Amino acid sequence: MLSVKGLHVYYGGLHALKGVDLEVKKGEIVAIIGRNGAGKTTLLNALSGLVKAQKGTITFTSRDIRGLKPHQIVELGLYQVPEGRLIFAPLTVLENLELGSYLRNSPEEKRRAREDLEYVLELFPILKERLHQQAGTLSGGEQQMLAIGRALVGKTRLLALDEPSLGLAPMIVKEIFQIILRLREDGGTILLVEQNARAALSISDRAYVMEAGRVIMEGPSRELLDREEVQRAYLGKKGR
Amino acid sequence: MENNLSQFFFSGIATGAIYALIALGFCIIENSTKIVNFAQGDFLTLGGMFMFTLLHALHVPLILAVLLAIGATALVGVAMERFTIRPARSKETVILVFITIGASIFIRGAIKILWGKSPKSLPYFSGDNPVGILGARILPQSLWIVAVTILVFLILNYFYRNTRYGKAMRAVAYDRRAAALLGINVEKMVMLSFALAGGMGAIAGVLIIPITTMTFDMGVVLGLKGFAAAVLGGYGNVMGAVVGGLLLGVMESLGAGLVSSTFKDVIAFVILLLVLFIRPRGILGRGEGERV
């Protein structure tokens with residue numbers, strides 16, 4: 001579904017991505033882990049067209065999307081839930097969700113968007129209770145749920161989540177990760193960027209480890225969880 | 001005396017409605033870009049000038065002339081966005097605001113070259129027989145102004161709350177990045193808002209040219225008064241723009257009538273300063289929360 005080859009991003013004077021390769025197949029949860037500043041968010045933003053990638057290819061649903069505008073990439077079905085969620089605080093929860101299906105405009109599409117809205121409200125019952133509340137009044141966890149829900153009512157084929165656990169209580173993180181698993185069961189494809197390596201590796205099928213703008217390790221998440229260097233560097237375990 | 005009061009009040013409402021229309025123009029740009037567009041007053045002049053040419057030189061029927069003047073000014077708004085705001089390398093608010101000041105000077109210069117310095121005037125839409133309301137004698141043109149302002153307010157309010165583009169514009173204003181990530185074409189929305197603001201300015205210009213003769217630099221003072229009205233009502237708030245406009249018009253008219261007309265223009269700016277000192281978010285402003 002998504003295939004990235006030799007991607008380079010220069011940011012001002014900084015060489016932020018140094019030839020990244022990445023593959024996401026339909027129905028997978030793929031995690032990207034790594035420390036702050038490893039280039040994870042830059043990678044997602046390059047995929048979404050928010051930052052310019054100077055070299056390499058990004059193929060999404062067999063189209064080269066490098067150089068497209070953000071809204072054109074979304075139109076193809078790549079929805080990103082950005083770090084810090086970026087919900088529209090002055091708008092109501094419902095208005096936020098409606099903006100999620102902004103691109104679904106034909107009567108047929110609108111009908112399907114309504115079905116997806118039902119689905120989202122079933123996933124996140126708390127949002128149903130808060131539909132007419134201003135989104136800014138929600139708690140952090142609820143805002144994250146809203147941000148995910150907002151991306152799910154679109155023409156979503158691939159959902160890219162940037163640090164969904166950021167700043168949330170462990171209980172809420174668990175709940176959100178359960179939902180991510182549920183999304184995959186229901187046929188979704190997810191690209192998950194996380195600093196919380198343990199949680200990300202335990203729910204994903206495959207993972208990439210990034211450091212200083214490069215992918216330094218990749219493989220099935222279960223294998224990575226067992227690798228000593230991963231445990232030492234990202235899971236906080238001392239070497240045996 | 002009582003008759004005078006009601007006369008001052010109603011003429012204040014008519015002027016205030018014009019301020020409200022200008023304030024709405026400021027509001028539209030604020031609601032998609034968070035910048036203050038100082039060319040808003042010049043959109044008004046431009047609309048009036050287009051109207052003058054269409055009606056006077058080309059003899060286009062009134063309604064068609066109004067629509068064409070609005071459309072032409074909307075196009076100027078689009079051109080302004082496309083050629084000054086969009087190419088700007090910096091998206092810093094201050095820099096963009098300065099660009100609008102530059103655009104304002106440019107538009108005024110163009111008007112001076114194209115239409116000259118002599119004042120332009122047009123007949124009233126529907127005669128000059130004043131109508132009596134509560135002891136005041138009101139020009140039919142003033143009734144037009146008030147009616148159109150109310151209509152525009154209702155449409156705009158509906159647009160922002162209930163339409164797809166209206167909501168998308170609010171989303172763009174709040175967070176461009178988040179809006180783009182939902183598939184909203186940010187540049188298109190900003191361009192559309194400049195078209196709307198241009199059209200809004202033209203509506204005011206078309207309505208006002210029969211009452212006050214139009215000169216090329218008229219937009220400066222009217223633009224600032226519209227800005228004052230928008231600040232007074234709560235900057236960026238559609239309802240606030242109308243309330244602020246009417247209030248400013250009435251205060252100005254009462255002040256000029258009861259105190260001295262020398263102070264007419266001063267009143268608006270004293271009010272602007274007082275609002276900025278005492279309640280910067282305006283009457284209906286809600287701080288960083290809901291704007292529309």
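Bear in mind the structure is a predicted one, so any value in this text is a computation, not a measurement. Reminder, nothing fancy here: chain letters follow the sequence lines and each chain counts from 1.
Heavy atoms of A/Leu99 lying under 4.5 Å from chain B belong to its backbone as well as its side chain. Proximity to chain B (any heavy atom under 4.5 Å) is shown, for A/Ile73, by neither the backbone nor the side chain. If you measure heavy-atom distances from A/Glu98 to chain B, the contacts under 4.5 Å come from the side chain alone. For a residue to count as touching a neighbouring chain, one of its non-hydrogen atoms must lie under 4.5 Å from one of that chain's; by this rule A/Gln80 touches chain B with backbone and side chain alike.
Top candidate by heavy-atom pairs under 4.5 Å with chain B, chosen from A/Gly136, A/Ala89, A/Ser101, A/Pro82, is A/Ala89.
By the side chain to side chain donor-acceptor pair (under 3.5 Å) test, B/Tyr158 is found to be paired with no residue, residues two or more places apart in sequence or in another chain being considered.
In this structure, A/His15 and A/Tyr10 have parallel ring planes: the angle between them is below the 30° cut-off, well short of the 60° mark.
B/Thr15 contributes atom OG1, which lies 8.0 Å from atom CD1 of B/Ile18 (distance to the nearest 0.5 angstrom).
Looking only at side-chain heavy atoms (C-beta outward), A/Thr41 and A/Asn45 come within less than 4.5 Å of each other.
A cation-pi arrangement is absent between B/Arg86 and B/Phe194 under the rule of less than 6.0 angstrom and at most 45 degrees off the ring axis.
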